[in-house]
Trainee: 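One structure, pasted below without further comment.
Remember, predicted model here, so these are calculated numbers, not experimental data. Counting starts at 1 for both ligands and their atoms, in listed order. Quick note: residue numbers are just sequence positions, from 1.
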Amino acid sequence: MRSLQGLKVIVSRALSTAPSTPVIATKHPFKVDLKAGKLYPWCSCGHSKKQPFCDGSHKKAAPGLSPVRFTPTEDKEAWLCGCKQTKKAPYCDGTHKQSYVQNYTLETNQ
Ligand code: FES
């Protein structure tokens, strides 16, 4: 049987290697004008202060997460996800309308 101290070490190691999860940055998508051929880094962690794009905050706030880089093939208007819960990153898929997003208490004023 393992000692309590042994279990604490095992749990601590498991938690320290657990992947980061995104935080809800906003409860709405961002309307953006995208340019063909330009590389965009969409923030997937939710910590960036330059939403919906990456500012490098994931390196300290969410190790293990990285931005979704994408390059549009045509100039277009798009809705990029701000809640970071979409299944079609970087684009909004409507997940932000769900109650767990709308009832979430944001860390900053929006
Ligand atoms: S803003 Fe995230 S799914 Fe719409």
Trainee: May I ask you to identify, for Asp93, whether its side chain, its backbone, both or neither come under 4.0 Å of ligand 1 on a heavy-atom basis?
Mentor: both
Trainee: What pair of heavy atoms forms the shortest contact from Ser44 to Lys84, and how long is it?
Mentor: O-CB, 4.0 Å
Trainee: Name the closest protein heavy atom to atom 1 (S) of ligand 1, giving the residue it belongs to and the distance to 0.1 Å.
Mentor: Gly82 N, 3.3 Å
Trainee: Kindly give the heavy-atom pair with the smallest separation between Ala25 and Leu106, and that separation in Å.
Mentor: O-CD2, 3.7 Å
Trainee: Which ligand 1 atoms, with their elements, are less than 4.0 angstrom from a heavy-atom of Cys83?
Mentor: 1 (S), 2 (Fe), 3 (S)
Trainee: At a 4.0 Å threshold, what atoms of ligand 1 neighbour a non-hydrogen atom of Thr95?
Mentor: 3 (S)
Trainee: Taking all non-hydrogen atoms of both residues, which atom of Lys27 and which atom of His96 are closest, and how far apart?
Mentor: O-CD2, 3.5 Å
Trainee: Would you give the length of the straight line joining atom SG of Cys83 to atom CG of Asp93, rounded to the nearest 0.5 angstrom?
Mentor: 7.5 Å
Trainee: Minimum heavy-atom separation for Cys81 to Trp42, with atom names?
Mentor: O-NE1, 2.9 Å
Trainee: Ignoring hydrogens, what is the shortest heavy-atom contact between Cys45 and His58? Give both atom names and the distance.
Mentor: SG-CB, 3.7 Å
Trainee: Need the ligand 1 atom indices (1-based, order shown) with element for anything under 4.0 Å from a heavy-atom of Pro29.
Mentor: 1 (S)
Trainee: Using a cut-off of strictly less than 2.8 Å, determine whether His28 has an N/O/S atom near atom 2 (Fe) of ligand 1.
Mentor: no
Trainee: What is the closest protein heavy atom to atom 4 (Fe) of ligand 1, and at what distance does it sit?
Mentor: His96 ND1, 2.2 Å
